[in-house]
Amino acid sequence: MASARDSLKAPVTPDTTPDFFRAGRTYIRNLPFRAPEARPNFQCVAVATHPTKGTLRALGFEQASAGAPWVSASMRTEEWVDGWSEVREGDS
């Protein structure tokens, strides 16, 4: 009999998910008519496959706006298509 642990799939590496959040990167949600400091941020720590649904999940921390507290969060594919883009070094 397989345990729940046996059913877990290996984390997805960034190279296999080019159209999804990537571990070790920070993202900002593109919301028109909002200043960048008022947009949500997401720091991705890991990407994994849900053990029973088989869908991708990005695990990390979300911040509602600049200066707001960071809280634990997970993001699904449906949230990725809501307009997140990577914040790169030097972006303002």
Side-chain angles (χ1 to χ4, degrees):
M1 178 176 186
S3 70
R5 181 179 204 108
D6 294 334
S7 69
L8 294 176
K9 297 179 182 176
V12 178
T13 62
D15 293 337
T16 63
T17 57
D19 296 325
F20 194 62
F21 297 99
R22 295 181 184 196
R25 299 184 184 190
T26 301
Y27 298 86
I28 190 167
R29 186 158 172 224
N30 297 323
L31 294 172
F33 313 113
R34 268 205 191 167
E37 62 274 7
R39 297 176 189 170
N41 297 290
F42 178 69
Q43 184 180 53
C44 184
V45 176
V47 175
T49 304
H50 189 283
T52 57
K53 296 179 182 180
T55 56
L56 289 177
R57 291 287 196 275
L59 309 168
F61 300 95
E62 187 175 15
Q63 183 183 43
S65 63
W70 288 89
V71 296
S72 298
S74 70
M75 298 285 181
R76 298 169 300 160
T77 306
E78 295 86 358
E79 288 149 331
W80 168 254
V81 298
D82 278 344
W84 291 90
S85 61
E86 184 179 351
V87 176
R88 296 178 188 259
E89 203 60 39
D91 286 352
S92 39

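Here the structure is a predicted model, which means the values were calculated and not measured. All values below come from the heavy atoms of this structure, side chains included, with hydrogens, waters and symmetry mates left out. Start at 1 with the first residue, then count along the sequence.
Summarising the geometry of C44 relative to Y27, their closest heavy-atom pair is CB-CE1, 4.3 Å, with the distance given to 0.1 Å. Here the closest non-hydrogen pair linking A23 and A46 is CB-CA, 3.9 Å. For the residue pair W80 and D19, the shortest heavy atom distance occurs at NE1-O, 2.8 Å.
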Distance-only check: which donor-acceptor pairs under 3.5 Å involve side-chain atoms of residues 59-77, not counting sequence neighbours?
residue, atom, partner, partner atom, Å
Q63, OE1, N41, ND2, 3.1
Q63, NE2, A68, O, 2.8

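The CZ atom of F20 sits 8.0 Å away from atom CD of E79, with the distance rounded to the nearest 0.5 Å.
Checked against side-chain hydrogen bond (donor to acceptor under 3.5 Å, both in side chains), R39 has no partners two or more places apart in sequence or in another chain. The side-chain hydrogen bond (donor to acceptor under 3.5 Å, both in side chains) test applied to N30 returns S85, not counting sequence neighbours.
Each of D82, I28, L31 was evaluated against P40; a single residue qualifies, L31, per the side-chain contact (heavy atoms from CB on, under 4.5 Å) test.
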